[in-house]
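Okay, structure first, notes after.
This is a predicted model, so every value here is computed, not measured.
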Amino acid sequence: MEGKVESLWEEVRELTLGTTVDRLQSPPTPLQFLRDFVSQNKPCIISNAIPHWPALSLWSTPSYLSTALSSSLVSLHLTPDGQADALVPHPSQSSLCFVSAHVQPTLFPQALDLIRRPPNHLVAYLQQQNDCFRTEYSELESDCDAHIPWASEALGCLPEAVNLWIGNHLSQTSFHKDHYENLYAVVSGEKHFLLLPPTDVHRMYIKEYPAARYSYSQENGEFRLEFEEPERYVPWSSVDPCPARASLKQESLKFPLYFKGPKPFEVTVKAGEVLYLPSMWFHHVRQSPGDGGCTIAVNYWYDMQFDIKYAYFNFLQSLPCRSIDDQTIPEGDCEDDSGPHASSNHLNRRFSGDESATNNVEIHKDRDNVQVHERTFVLDSSMFV
């Protein structure tokens, strides 16, 4: 298989994906969306997708949100640096661990104020997921659609979860993938995505890291890192695509498959636009605030089809992949969904951060127990997009 996986990265771009993400000037028909994007596992941005939403004009005014949710207790995620569901240095070892945010039940007006006026060494983010828009923010439901009609018709179902995201420029989400078809609507500000297709899984250097969580003390304003008990491991990408300038060379040497391979797709989703993010696409997210001092988005998670493409993906990531330059197996060879620390049911699909390991929802589907028995296999890029 030497060289075959690397050639697949280029081939899939030449044959189907191109070099930029398609931008539609109006919502597609259900047939067009299914034929041109869902069936091809191909992202797109839809402009003028939600002009009828009252949220577009109302939510950029902080006083409107604080009044509508004046008595709502919401789940506020707190970190020291805006890095939640991310890798941080292990406190007692020369290694990394996967850390989740401290979650603090907070009245919405106070939470919004912390986001808009962040104090030193504290970054607040409303990113609970787990269908939070329909549970914690139900007072706002009339301001936007309960689902995306053309997407629901194309996919043959209603969304399993609808989530609200409110944050500032300090929060970002590390590379991960979701087992959902994601329709991501930006209401205020901008979201900046780096995208890689499922074919590029080896470039993510996925390893299993011990899971920890921040604990925040309101008394002294300090964070403490606490490891989960019983011990749990989370498979996560080792790559930081935006390292500091001083460490760029070192990071490039550690992760040559990422830094020397094809560039990720870069997209900015503006207020009023919707990004279709196909299932299993890796994405890294940053954000820029709007007029109200924060970035606001609503996303809709639709159930993905665990069909033959999912079987191909699991097979692909089980293959060894040699480094571009030195032709050695990269450090931290990729773990598949049934790695040594994985659950026996490896469809623990994360309701995530923007895939968070914070709020796991376990869904049992026998069809996910995919095994590949053939020893000979021809890699065809059309299988993965």
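- Salt-bridge check for E228 with R213: passed, with a basic side-chain N closer than 4.0 Å to an acidic carboxylate O.
- In the hydrophobic clustering, L107 connects to L73, either directly or through intervening members, whenever side-chain heavy atoms lie under 4.5 Å apart.
- Cluster partners of L158: none. The rule joins Ile, Leu, Val, Met, Phe, Trp and Tyr whenever side-chain heavy atoms lie under 4.5 Å apart, and it links nothing here.
- Closest of all the heavy-atom pairs between A154 and P30 is CB-O, 3.4 Å.
- S238 and Y209 share a side-chain donor-acceptor pair at under 3.5 Å.
- Applying the ring-ring contact (aromatic ring centres under 6.0 Å, His included) test to H284 and every residue at least two apart in sequence or in another chain returns F175.
- With sequence neighbours excluded, no residue satisfies side-chain contact (heavy atoms from CB on, under 4.5 Å) with T67.
- Within the model, atoms CG of N182 and CG of L275 stand 7.0 Å from one another, a figure rounded to the nearest 0.5 Å.
- Listed by chain and number, the residues in a salt bridge (charged side-chain N to carboxylate O under 4.0 Å, His left out) with D22 are K42 (sequence neighbours excluded).
- Among residues two or more places apart in sequence or in another chain, the side-chain contact (heavy atoms from CB on, under 4.5 Å) test is passed with L170 by P118, V123, N168.
- Applying the side-chain contact (heavy atoms from CB on, under 4.5 Å) criterion to Q250, with sequence neighbours excluded, gives K254.
- Listed here is the closest heavy atom pair of L69 and F108: O-CB, 3.4 Å.
- Taking the six-membered ring for Trp and thresholds of 30 and 60 degrees, H283 and F193 have ring planes inclined between 30 and 60 degrees apart.
- Ring centroid separation for the pair F313 and H179 does not come in under the 6.0 Å cut-off.
- Applying the side-chain contact (heavy atoms from CB on, under 4.5 Å) criterion to E222, with sequence neighbours excluded, gives N220.
- Listed by chain and number, the residues in a side chain to side chain donor-acceptor pair (under 3.5 Å) with R117 are D113 (sequence neighbours excluded).
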All N/O donor-acceptor pairs, side-chain side in residues 58-66, below 3.5 Å, sequence neighbours left out:
{"from": "W59", "atom 1": "NE1", "to": "D143", "atom 2": "OD2", "distance (Å)": "2.9"}
{"from": "Y64", "atom 1": "OH", "to": "D143", "atom 2": "OD1", "distance (Å)": "3.3"}
{"from": "Y64", "atom 1": "OH", "to": "D143", "atom 2": "OD2", "distance (Å)": "2.7"}
{"from": "S66", "atom 1": "OG", "to": "P62", "atom 2": "O", "distance (Å)": "3.3"}

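- Identified under the salt bridge (Lys or Arg N to Asp or Glu O under 4.0 Å) test for residues 270-289, with sequence neighbours left out: R23-E273.
- Taking F33 as the reference, W150, Y276 meet the ring-ring contact (aromatic ring centres under 6.0 Å, His included) condition, with sequence neighbours excluded.
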